[in-house]
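Beneath this line is the structure, given in structure tokens, with notes to follow.
These values consider heavy atoms only, across backbone and side chains, with no hydrogens, waters or symmetry-generated copies. Residue numbers count from 1 along this sequence. Counting convention: from 1, in listed order, for ligands and their atoms alike.
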Amino acid sequence: MRYNEIEFDTYLKNYPDNDGYYGRYGGCYIPDDLKKAMAEINEAYFTIAKSSKFIGELRRIRREFQGRPTPISYLERLSGSLGNVQLYAKREDLNHTGAHKLNHCMGEALLAKYMGKKKVIAETGAGQHGVALATAAAYFGLECDIYMGKVDIQKQAPNVARMKILGANVIEVTHGLQTLKEAVDAAFEAYTKEYRDAIYCIGSVVGPHPFPMMVRDFQSVVGIEAREQFLEMTGELPDAVVACVGGGSNAMGMFSGFLNDPVKIYGVEPLGRGTALGDHAASLKYGTEGIMHGFNSIMLKDENGDPAPVYSVASGLDYPSSGPEHAFLHDIGRVQYDVINDDDTIDAFFKLSRMEGIIPAIESSHAVAYAIQLAQKMGRGSVLICLSGRGDKDMDYIIEKYGIR
Ligand SMILES: *Cc1c(COP(=O)(O)O)cnc(C)c1O
């Protein structure tokens, strides 16, 4: 199937199908007792989260607590240095807690509250998802258990402190490599025992159905706002939209606003140190179809067919797969997925800081770097970048590894 055979005006209603599939990707590949829990969440999502009461409350929270709508900034000096292409940034760095992740955490935690759950459970790698969820749990008065590998706990001390200050329990995972993969296993195991009182909150558009759909829908506020704001600012739609892709939630939020428009859409994956397996996390570019963490998508595999080790300078992008909807949009050709390496990312990080007074997250710097290259190829037109988060969390790492340029 190609994208010109798909009706994009009704796309968001028709994808995924009732079983959570986007074409061949998605689904719900988990043990039977957890399938019951997913069915309960799915049911609650379609009844509670589509009610006007829920939508109204989430809208108020977005405005009064998160500080939405976030603005679009015209990147005047950066654009001026590139010729005749105008670059714009959707400022998710100005969303409360400094990144887009709170958009779906507030939705998931509000749903938990409406479902009468007392606790939210999640895993975290670098700690960004853990901090966003701990924030949402504090806001709603829910307990919060965050599973984190011992190695990551040692590496991410400031985020661990944030989660604890926000009242979350950070549970150390000490088996295997003691990083994200083990944390996912431990969190799922806990959830299997606690699902009557708790809800699992996934950190991106990944995992078993209904999570990829729910997280996309909660993130779609980014694309809806951006489309309206861009039209109001310029009287036109952008020629191109660019976002970085780890699991793919900021990108799906942004892209969902433009799928039905004559707008080119680019997802940017991390090429890290290079194309050898283990040196990057560009799953859509170099991966193959497979099932992991409860869903079917395109993933990077090792020689045994297990999730391969991955690397990126941006800890929020080093995931060996991407959400099933990205795999689908990739296959049908609606979104073009491309890569940016560490070096170009760091150049873009300093460029945006120096030329615009915006210090971007290293994750978001991948999108900035790609937009700069795209602008040079396009020659004229406009590019809207999803600036998924701010770089405050990356200061120590940048100074230690790269110094001040
Ligand atoms: C976590 C994170 C990402 C990657 O997650 P997606 O689900 O791919 O959006 C990107 N940018 C920032 C700032 C993040 O914290």
With a 4.0 Å cut-off on N to O distance, would you call [X] and [Y] a salt bridge?
X    : Y    : answer
E92  : R68  : yes
K351 : E356 : no
D279 : R273 : yes
E363 : K393 : yes
D261 : R227 : yes

What do we get for [X] next to ligand 1 when only non-hydrogen atoms under 4.0 Å count, side chain, backbone, both or neither?
X    : value
H129 : neither
S249 : both
K101 : side chain

### Message
Please report whether the ring centroid of Y15 lies less than 6.0 Å from that of Y22.
### Response
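No, the ring centres sit 6.0 Å or more apart.
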### Message
In this structure, is the centre-to-centre distance between the rings of H209 and F295 below 6.0 Å?
### Response
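Not close enough - the centres of the two rings lie 6.0 Å or further apart.
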Ligand 1 to [X] polar contact by distance, N or O atoms, under 3.5 Å:
X    : value
K393 : no
S364 : no
S204 : yes
A251 : no
S388 : yes

Find all atoms of ligand 1 within a distance of less than 4.0 Å from any non-hydrogen atom belonging to [X], and give their numbers and elements.
X    : result
C244 : 10 (C)
A361 : 13 (C)
G389 : 13 (C)
G248 : 6 (P), 7 (O), 8 (O)
G246 : 8 (O)

### Query
Going by the angle between their ring planes, with limits at 30° and 60°, are H280 and Y286 parallel, tilted or perpendicular?
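Rings of H280 and Y286: tilted, as their planes differ by 30° to 60°.
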### Message
Can you tell me if Q219 contacts ligand 1 (heavy atom of the residue under 4.0 Å from the ligand)?
### Response
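Checking ligand 1 against Q219, which is what was asked, there is no heavy-atom contact under 4.0 Å.
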### Task
Taking atom types as modelled, find out whether D185 and Y147 have a side-chain donor-acceptor pair closer than 3.5 angstrom.
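Side chains of D185 and Y147: no pair found under 3.5 Å.
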### Query
Does any N or O in the side chain of T10 come within less than 3.5 Å of the main-chain N or O of K13, such that one atom is a donor and the other an acceptor?
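Such a contact is absent between T10 side chain and K13 backbone.
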### Task
Starting from atom 4 (C) of ligand 1, find the nearest protein heavy-atom neighbour and note its residue, name and distance.
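Scanning the protein heavy atoms, the shortest distance from atom 4 (C) of ligand 1 goes to G316 O, 3.3 Å.
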